[in-house]
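Working notes, beginning with the structure itself.
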Amino acid sequence: MKPPARDAARTAGEEGADSTPLLQGVRRVEAAPACCSARYNLAVLAFFGFFILYALRVNLSVALVDMVDSNVTAADNRTSQPCVGHSTPLTALRDPSGKRYQWDAETQGWILGAFFYGYIITQIPGGYLASRVGGKLLLGLGVLSTAVFTLFTPVAADAGAGVLIALRALEGLGEGVTFPAMHAMWSSWAPPLERSKLLSISYAGAQLGTVISLPLSGVICFYMNWTYIFYLFGIIGIIWFILWIWLVSDTPETHKTISPCEKEYILSSLRNQLSSQKSVPWSPMLRSLPLWAIVVAHFSHNWTFYTLLTLLPTYMKEILRFNVQENGVLSALPYFGCWLCMILSGQAADNLRAKWNFSTICVRRVFSLIGMVGTAVFLVAAGFIGCDYSLAVAFLTVSTTLGGFCSSGFSISHLDIAPSYAGILLGITNTFATIPGMVGPVIAKSLTPDNTIGEWQTVFCIAAAIDIFGAIFFTLFAKGEVQTWALSDHHGHRN
């Protein structure tokens, strides 16, 4: 299928127009088939990589419920349970040998947030290194280090909360380079009219990793003990690293099995979008309002995302009173919806641009508004539904599902405004977007000392208000075309 021509007369300054010179001024090359192509194989391998990364990231949220002495948790909850118990009583654990620790709510908050203290440090360095040496090895080592540190989680927990916090921070250091490295790779691999599809496939692995790891962690906690959660996912991460190093290349030019047709298609489609300059234009980059629009949107949406990612199992247990098995399954349900939404919205976004002549900026704005405002509305509704268990789970599921639209909204705008520096831009925006993961669990824990419905309503309303603000800011100031500072020679390309 040939990418249809776009309105070449539209100018960069025209409000709401997509002035990205997709294939303008370049000899038109027919799109290479997607099936079994090198670019889609990369997307699939990246999908499994981010699947593993998020499994490694979120499994502690479920394990922590089983790691903490229930007597300590009961002492922390100084009021009666707000909702009546309704779950079927569990039979005795088959292997109750997992150790329990005397960690209060504040300590648990620091353990859950520690990952992000390491994660925030390597975002910008990761993007810069990926732009210089390529993203393949950087992403692979990021996954490998996170997997290896995960294997030592039971040992660290035995050594004390401080050691576990330090280990989680080290995991964050390794994982911090992964998203910038992947963005840097896509700047060389993703044709403009396939960006939404390719990136949504690769990053949707994060959601499916959450979907699988949450209920699987609950099952492991019940039938075995929590230590096996970390052993299982750590070993899988090491296996993936071997496959990644063996099968992936940094660019189409260095790929050993890519077809000449596909290589020409990718290189031709990117020829007018990449810069050949060696130095990074830091000053104009940091003064770019479209970049800060992405920063604000990324920060705002991640506040909601990380609040649910780290604390949803706790909310399911303490407020909605689901047992450990139900907890894992129901905590994963929203992320299954988000995974499905990411895949479908990626297809829809590119079809709107390629077939229906929608501008890039229009698609990014609309999808971001749906993903952020929709998430906020249903999150608040879930908080105010009280003890209606079914409706609460339904609203939380819809809220997180709608967040999947953001994957084709602000999440890939870095590639729209500066594909040559996409890894660095993602490093910058993800640095700010990591702050909610660091402080969100601590603030949420401090706001819910008694685990009442009213306290959790406050947590949800704060997250929703931040999300809506980010959506408005992005809508006002985002752009959909390559910025002039990212094309210093305006016709640069990679040899």
Side-chain angles (χ1 to χ4, degrees), residues 35-60 115 118-119 122 125-127 129-156 167-168 170-190 198-199 201-213 216-217 220 227-259 262-263 339 423 426:
C35 181
C36 302
S37 64
R39 65 191 188 281
Y40 277 88
N41 288 343
L42 173 62
V44 171
L45 276 169
F47 172 92
F48 286 108
F50 286 102
F51 173 100
I52 293 164
L53 280 173
Y54 264 67
L56 295 170
R57 183 186 297 196
V58 306
N59 53 21
L60 183 63
F115 173 91
Y119 190 69
T122 49
L129 284 174
S131 69
R132 287 292 177 264
V133 303
K136 170 187 171 179
L137 184 60
L138 201 60
L139 195 155
L141 291 177
V143 177
L144 178 65
S145 62
T146 306
V148 170
F149 284 128
T150 296
L151 291 173
F152 289 97
T153 300
V155 177
L167 182 76
R168 290 289 293 178
L170 288 174
E171 289 185 36
L173 279 173
E175 193 167 323
V177 304
T178 54
F179 278 94
M182 192 71 249
H183 249 48
M185 290 187 71
W186 281 128
S187 70
S188 297
W189 275 98
L198 289 168
L199 271 75
I201 289 171
S202 58
Y203 294 142
Q207 307 304 324
L208 192 63
T210 304
V211 169
I212 300 297
S213 66
L216 182 58
S217 296
I220 292 173
T227 60
Y228 291 97
I229 294 173
F230 304 105
Y231 297 145
L232 173 65
F233 292 116
I235 292 171
I236 292 175
I238 294 172
I239 295 172
W240 176 88
F241 169 77
I242 296 171
L243 294 174
W244 176 261
I245 295 299
W246 180 32
L247 297 173
V248 167
S249 296
D250 277 307
T251 64
E253 297 97 319
T254 59
H255 198 281
K256 295 178 181 179
T257 60
I258 188 173
S259 68
E262 183 181 9
K263 182 189 294 186
W339 167 74
L426 183 63

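At least one side-chain heavy atom of Leu45 sits less than 4.5 Å from a side-chain heavy atom of Val248. Looking at Leu144 and Ile238, their side chains come closer than 4.5 Å, going by heavy atoms from C-beta outward.
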Problem set entry | Leu56/Phe149 under side chain to side chain contact (heavy atoms under 4.5 Å, CB included): CA gap, chis, key distance, verdict | CA-CA 10 Å; Leu56 295 170; Phe149 284 128; over 6 Å; no
For this session: Test side chain to side chain contact (heavy atoms under 4.5 Å, CB included) on Leu232 and Asn59 and set out the steps.
Result: CA-CA 11 Å; Leu232 173 65; Asn59 53 21; over 6 Å; no
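Scanning all heavy atoms of the two residues, the minimum distance from Ala130 to Leu138 falls at N-CD2, 3.8 Å. The two residues Pro180 and Gly126 have their closest heavy-atom pair at CB-C, 4.1 Å. Considering every non-hydrogen atom in both Ser249 and Thr254, the closest pair reads OG-O, 3.4 Å. Nearest heavy atoms, Leu151 versus Gly234: CD2-CA, 3.8 Å. Contact record, Ala190 with Leu199: CB-CD1, 4.3 Å, taken as the closest heavy-atom pair. Closest approach of Val143 to Ile52, counting heavy atoms only: CG1-CG2, 4.4 Å.
Here CD1 of Ile201 is found 9.0 Å from CZ of Phe47. Values are rounded to the nearest 0.5 Å. Residue Leu216 holds its CG atom at 4.0 Å from CD1 of Ile220, rounded to the nearest 0.5 Å. Rounding to the nearest 0.5 Å places OH of Tyr40 at 11.0 Å from OG of Ser202. Here the CG-CD distance, from Leu53 to Glu175, works out to 4.5 Å after rounding to the nearest 0.5 Å. Interatomic distance, Leu137 CG to Ile245 CD1, rounded to the nearest 0.5 Å: 5.5 Å.
Residue pairs meeting the side chain to side chain donor-acceptor pair (under 3.5 Å) criterion with at least one member in residues 139-153, sequence neighbours excluded, are Thr150-Glu171.
A ring pair (Phe, Tyr, Trp, His ring centres under 6.0 Å) with Phe50 holds for exactly one of Trp244, Trp240, Trp339, Phe179; it is Phe179.
Not one N or O on the side chain of Arg57 forms a donor-acceptor pair closer than 3.5 Å with the backbone of Gly172. Although no hydrogens or angles enter the test, the distance criterion places a donor-acceptor pair under 3.5 Å between the side chain of Glu262 and the main chain of Ala38. Side-chain atoms of Lys263 do not come within 3.5 Å of backbone N or O of Ile258 as any donor-acceptor pair.
Aromatic ring pairs are classed by plane angle as parallel below 30°, tilted from 30° to 60° and perpendicular above 60°; the pair His255 and Trp189 is perpendicular.
Within 6.0 Å of CZ on Phe241 lie more than 12 heavy atoms contributed by other residues, nucleotides or ligands.
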